[in-house]
Amino acid sequence: MVELVENQLDVGTYLDLRKKVNWKPLTKEQAQKGLSNSLYIVVAYENGEAVGMGRIVGDGAIICYVQDLIVIPEKQKDGIGGLLLERLKNYVKQEGIPGTEMMFDLMCAKGREKFYQKHGFIARPTEHLGPGMIQYLAL
């Protein structure tokens, strides 16, 4: 059974989950600052082991981003990603200002588009929306 735990993720577990899905490595300092500046974090545990996590960043009024959504490879296709994403979406709905609309965005990993489309996201570009863009800054 999967247990979801909110706003309790240590740096070591976060870095380990990132490593298991082959994401860019971060320093402990980067990871800690990123986690500390998150609006919301949810971690999925199965038998006491972290098997996935999701994180929201943003302003909580105009825009929120799914910054991380990780499910370890051996647990993908088990519905954990959907549970995490639904919990993230519920957080955003609860935090928003009634009577307004909030953008709920993400940068999708290549090959994961169908998963997010299944959960109501649209791919860009569209007729009215340009492509998402990124730039990495060396500091």
Side-chain angles (χ1 to χ4, degrees):
M1 180 163 158
V2 175
E3 176 188 11
L4 299 181
V5 177
E6 298 176 320
N7 298 317
Q8 294 179 32
L9 177 59
D10 65 89
V11 172
T13 301
Y14 177 54
L15 291 173
D16 186 53
L17 287 168
R18 288 180 62 91
K19 185 176 183 178
K20 288 180 179 179
V21 293
N22 297 313
W23 282 8
K24 281 184 157 206
L26 303 174
T27 67
K28 285 184 180 180
E29 184 179 12
Q30 277 182 299
Q32 183 59 63
K33 188 169 184 176
L35 292 175
S36 295
N37 287 323
S38 301
L39 293 176
Y40 178 74
I41 299 169
V42 61
V43 184
Y45 290 93
E46 194 171 74
N47 301 319
E49 177 192 356
V51 295
M53 60 84 58
R55 181 167 79 98
I56 295 289
V57 299
D59 59 28
I62 300 166
I63 192 163
C64 283
Y65 292 91
V66 177
Q67 183 53 46
D68 298 315
L69 184 64
I70 297 171
V71 177
I72 62 173
E74 56 270 22
K75 294 297 177 179
Q76 292 176 5
K77 309 277 189 222
D78 288 356
I80 295 169
L83 286 174
L84 290 167
L85 191 56
E86 192 61 31
R87 184 67 65 94
L88 296 174
K89 187 188 254 184
N90 287 340
Y91 168 82
V92 171
K93 286 180 176 180
Q94 157 194 317
E95 288 301 304
I97 299 168
T100 68
E101 197 172 63
M102 189 175 341
M103 289 181 283
F104 186 44
D105 294 349
L106 58 83
M107 294 290 288
C108 178
K110 191 165 182 65
R112 303 292 190 225
E113 297 86 352
K114 287 184 181 177
F115 168 79
Y116 290 108
Q117 287 170 337
K118 182 173 93 172
H119 291 278
F121 287 87
I122 59 169
R124 293 178 72 166
T126 68
E127 181 181 336
H128 301 287
L129 300 171
M133 302 180 84
I134 190 167
Q135 181 181 128
Y136 290 100
L137 301 175
L139 307 175

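These numbers come from the heavy atoms of this one structure, side chains and all, not from hydrogens, waters or symmetry mates. Quick caveat: nothing in here was measured; it's all calculated off a predicted structure.
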Does any part of the side chain of [Y], heavy atoms only, come nearer than 4.5 Å to the side chain of [X], both counted from C-beta?
| X | Y | answer |
| --- | --- | --- |
| Met103 | Cys64 | no |
| Leu15 | Lys28 | yes |
| Leu69 | Leu106 | no |
| Gln8 | Val5 | yes |
| Trp23 | Ile70 | yes |
| Gln76 | Ile72 | no |
| Leu9 | Met53 | yes |

Would you mind listing every ring pair (Phe, Tyr, Trp, His ring centres under 6.0 Å) that reaches into residues 65-92, with sequence neighbours excluded? Tyr40-Tyr91

List the atom of [X], the atom of [Y], and the distance in Å for their closest heavy-atom pair.
| X | Y | value |
| --- | --- | --- |
| Val21 | Val71 | CG1-O, 3.5 Å |
| Glu6 | Arg87 | OE2-NH1, 3.3 Å |
| Pro131 | Pro125 | N-CB, 3.8 Å |
| Ala61 | Ile97 | CB-CD1, 4.1 Å |
| Leu84 | Gly52 | CD1-C, 3.9 Å |
| Leu17 | Val51 | CD2-C, 4.1 Å |

Linking I/L/V/M/F/W/Y whenever their side-chain heavy atoms sit closer than 4.5 Å, directly or via other members, would Ile62 and Ile56 fall into one cluster? no

Arg112 atom CZ, neighbour heavy-atom count above 12 within 6.0 Å: no

CE/Met133: more than 12 non-hydrogen atoms of other groups inside 6.0 Å: no

Thr100: partners by side-chain hydrogen bond (donor to acceptor under 3.5 Å, both in side chains), with sequence neighbours left out: none

Ion pair present between Lys20 and Glu74, side-chain N to carboxylate O less than 4.0 angstrom? no

Report the C-alpha separation of Lys24 and Arg18 in whole Å, then their side-chain angles, then the decisive distance to 0.1 Å, and conclude whether the side chain to side chain contact (heavy atoms under 4.5 Å, CB included) test is met. CA-CA 8 Å; Lys24 281 184 157 206; Arg18 288 180 62 91; 4.3 Å; yes

Please answer whether the main-chain N or O of [Y] pairs with a side-chain N or O of [X] as donor and acceptor at a distance below 3.5 Å.
| X | Y | answer |
| --- | --- | --- |
| Asn37 | Lys33 | yes |
| Glu113 | Gly111 | yes |
| Asp78 | Ile80 | no |

Go through the structure and list residues passing side-chain contact (heavy atoms from CB on, under 4.5 Å) with Ser38, not counting sequence neighbours. Ile41, Arg55, Val57

Leu85 vs Tyr116, test: side chain to side chain contact (heavy atoms under 4.5 Å, CB included). Steps then yes/no. CA-CA 9 Å; Leu85 191 56; Tyr116 290 108; 4.0 Å; yes

Straight-line distance of [X] [atom1] to [Y] [atom2], nearest 0.5 Å:
| X | Y | atom1 | atom2 | answer |
| --- | --- | --- | --- | --- |
| Lys75 | Glu46 | NZ | CD | 3.5 Å |
| Asp68 | Met107 | CG | CE | 13.0 Å |
| Cys108 | Gln117 | SG | CD | 8.0 Å |
| Glu3 | Leu83 | CD | CG | 12.5 Å |

Under the side chain to side chain contact (heavy atoms under 4.5 Å, CB included) rule, what do Leu39 and Asp59 come out as? Steps first, then yes or no, please. CA-CA 8 Å; Leu39 293 176; Asp59 59 28; over 6 Å; no

Short side-chain donor-acceptor distance under 3.5 Å, Asp10 and Thr13: yes

Please determine if Lys19 forms a cation-pi arrangement with Tyr14, meaning its NZ or CZ atom is less than 6.0 Å from the six-membered ring centre and no more than 45° off the ring axis. no

